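These numbers come from a predicted model, not from an experiment.
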Amino acid sequence: MATLSFNSTRIKSPSLQSHKPFSKSHFSTKPNNVPFLFPSKTHPQLHRFKPNSISESSVSVPEEAFDDAEEDDPTSELSYLDSETDPSSVTEWELDFCSRPILDIRGKKIWELVVCDSSLSLQYTKYFPNNVINSVTLKDAMETISEDLGVPLPEKVRFFRSQMQTIITKSCKELGIKPVPSKRCLSLLLWLEERYETIYMRHPGFQKGSKPLLALDNPFPMELPENLFGEKWAFVQLPFSAIREEISSLDERFVFGAGLDLDLLGIEVDDNTLIPGLAVASSRAKPLAAWMNGLEVCSVEADTSRSCLILSVGISTRYVYATYKKTPTSTSEAEAWEAAKKACGGLHFLAIQEDLDSDDCVGFWLLLDLPPPPV
């Protein structure tokens with residue numbers, strides 16, 4: 001059983017300004033040279049996916065997830081660093097700089113800067129009028145965060161809005177920070193969703209029904225670059241206990257990939273829950289995994305209308321990752337895989353191996369397919 005909700009234990013009052021946290025196939029490589037790989041036997045570690053195996057897990061959002069949110073002034077701002085956190089350990093920030101569904105006294109939309117780290121040990125929010133939105137304002141604000149909280153400027157700043165890439169990139173580069181366009185800002189995305197319900201909706205200037213000014217891109221998928229070509233692939237599934245072991249061994253075995261802090265994200269999964277994934281085999285598995293490691297992989301999607309798999313990386317890049325012959329069987333399997341992913345709250349994985357029958361992975365990414373934030 002999988003339960004998905006924002007971790008409310010890290011949600012505190014913004015009105016306590018600087019003392020409390022708020023809340024923390026075939027591959028589309030060479031056409032027609034490798035057939036779609038159907039399940040033929042039980043893999044010793046990665047179990048081939050069956051269309052009728054989608055009832056292994058389910059997702060729910062407990063009503064009490066938001067019950068503990070305190071009623072505080074929604075106009076207040078937040079500047080917080082966990083007292084138990086070593087400031088020098090906060091080397092990466094997640095950042096959003098965008099308008100909110102809130103009008104100021106001039107009748108113009110208010111903008112807000114929201115910054116955190118992946119563990120929500122650092123949390124910062126500040127409102128801005130819409131006539132000061134530029135790279136200088138953002139640069140000054142990031143320097144203020146560093147000075148006020150006593151933390152060094154980060155090595156990297158992740159952000160997920162393509163429309164703000166120019167401003168954020170310019171600000172970061174002037175400060176010697178590496179800007180990283182990435183939808184793997186999961187703590188930030190969930191925090192924004194939580195802020196919408198507990199802060200923005202309660203703000204006196206809230207505009208009900210207002211659509212996001214900077215909606216997330218979902219562009220038409222492009223052709224896969226040659227360096228990302230694989231040779232075979234299969235829908236697979238792993239019990240969550242094996243997922244945890246794989247993630248914990250990433251550093252030990254020098255495997256490429258990335259995990260997720262599921263405790264922080266509020267995702268509770270039984271060890272026996274089967275998590276859907278995609279296994280990719282290649283004779284050049286290590287170079288392939290190394291290339292993938294620099295792409296900020298965020299999700300894999302089975303597109304049954306086009307009979308292909310879509311790989312999403314960065315903030316607005318989508319590739320046709322693999323294709324298959326459209327048949328009732330293949331369509332059923334793809335639909336079941338997507339249904340299983342949805343039942344796990346969007347949790348899934350990508351594994352790169354030298355052979356589909358291998359027990360070991362040379363690349364492993366735990367992924368979470370989240371809906372776009374409401375702002």
Side-chain angles (χ1 to χ4, degrees), residues 4-8 11-15 22-24 59-78 94-116 120 123-134 137-138 141 159-168 181 183 185-220 265-266 298-299 301 312 315-316 318 342 345-346 368-375:
L4 173 63
S5 64
F6 196 68
N7 193 336
S8 59
I11 299 176
K12 301 296 181 183
S13 164
S15 63
F22 186 69
S23 54
K24 289 220 279 210
V59 59
S60 62
V61 180
E63 292 183 2
E64 63 270 18
F66 301 107
D67 287 350
D68 295 333
E70 301 172 19
E71 294 293 320
D72 296 294
D73 182 5
T75 65
S76 62
E77 296 171 335
L78 175 67
E94 298 179 5
L95 181 152
D96 185 41
F97 193 31
C98 189
S99 69
R100 301 301 183 224
I102 300 170
L103 299 185
D104 59 18
I105 58 175
R106 302 171 302 144
K108 303 295 184 180
K109 275 194 174 183
I110 290 176
W111 281 60
E112 184 187 40
L113 173 64
V114 175
V115 176
C116 66
L120 295 173
Q123 300 164 34
Y124 182 91
T125 68
K126 185 173 180 58
Y127 292 121
F128 292 90
N130 71 336
N131 58 358
V132 298
I133 306 306
N134 53 52
T137 296
L138 180 57
F159 62 95
F160 62 88
R161 295 190 200 271
S162 61
Q163 300 93 333
M164 295 301 294
Q165 185 160 356
T166 299
I167 288 179
I168 295 174
K183 287 184 180 177
C185 304
L186 300 180
S187 294
L188 176 61
L189 289 168
L190 287 171
W191 187 16
L192 287 174
E193 183 178 347
E194 184 270 334
R195 281 183 67 77
Y196 183 82
E197 297 197 18
T198 62
I199 300 296
Y200 309 143
M201 289 181 66
R202 295 177 46 246
H203 194 286
F206 176 70
Q207 297 296 294
K208 185 177 181 180
S210 177
K211 295 183 179 180
L213 176 64
L214 304 179
L216 299 192
D217 291 338
N218 194 35
F220 192 81
L265 297 176
C298 58
S299 68
E301 171 193 353
S312 294
I315 52 176
S316 59
R318 302 172 76 228
K342 184 177 181 180
L368 184 61
D369 192 2
L370 287 177
V375 293

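Across Phe160 and Pro373, no two heavy atoms sit closer than the pair CE1-CG, 4.0 Å. Cys98 and Arg161 make their closest contact through CB-NE, 3.4 Å (heavy atoms, listed as atom of the first residue, atom of the second, distance). Closest approach of Met201 to Glu197, counting heavy atoms only: SD-CA, 3.9 Å. Heavy-atom minimum distance, Leu188 versus Glu94: N-OE1, 3.0 Å.
Here the side chains of Ile102 and Gln207 are not in contact, with every heavy-atom distance at 4.5 Å or above. Tyr200 places a side-chain heavy atom less than 4.5 Å from the side chain of Val375. Looking at heavy atoms from C-beta onward, Lys108 lies in side-chain contact with Asn130 at the 4.5 angstrom threshold.
Judged purely by atom type and a 3.5 angstrom limit, Thr198 uses its side chain to pair as donor or acceptor with the backbone of Glu194. Side chain of Gln123 to main chain of Leu78: no donor-acceptor pair is present (N/O by atom type, distance under 3.5 Å, no hydrogens or angles).
Every side-chain contact (heavy atoms from CB on, under 4.5 Å) that Gln165 has, sequence neighbours left out, goes to Phe159, Thr169, Pro181, Ile315. Judged as a side-chain hydrogen bond (donor to acceptor under 3.5 Å, both in side chains), and not counting sequence neighbours, Thr125 has no contacts. With sequence neighbours left out, the salt bridge (charged side-chain N to carboxylate O under 4.0 Å, His left out) criterion links Glu112 to Arg100, Arg195.
With values rounded to the nearest 0.5 angstrom, Asp96 atom CG is found 5.0 Å from Leu192 atom CG. Here CD1 of Ile199 is found 12.5 Å from CZ of Phe206. Values are rounded to the nearest 0.5 Å. Note that the CG atom of Leu138 and the CD1 atom of Ile168 stand 6.5 Å from one another [nearest 0.5 Å]. Separating the CG atom in Asn131 from the CD1 atom in Ile133 is a distance of 8.0 Å, to the nearest 0.5 Å. With values rounded to the nearest 0.5 angstrom, Trp111 atom CH2 is found 13.0 Å from Asp104 atom CG. If you take CZ on Phe97 and CG on Asn134, they are separated by 7.5 Å, rounding to the nearest 0.5 Å.
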> Run the side-chain contact (heavy atoms from CB on, under 4.5 Å) check on Ile110 and Phe128 step by step: do they pass?
Replying inline: CA-CA 6 Å; Ile110 290 176; Phe128 292 90; over 6 Å; no

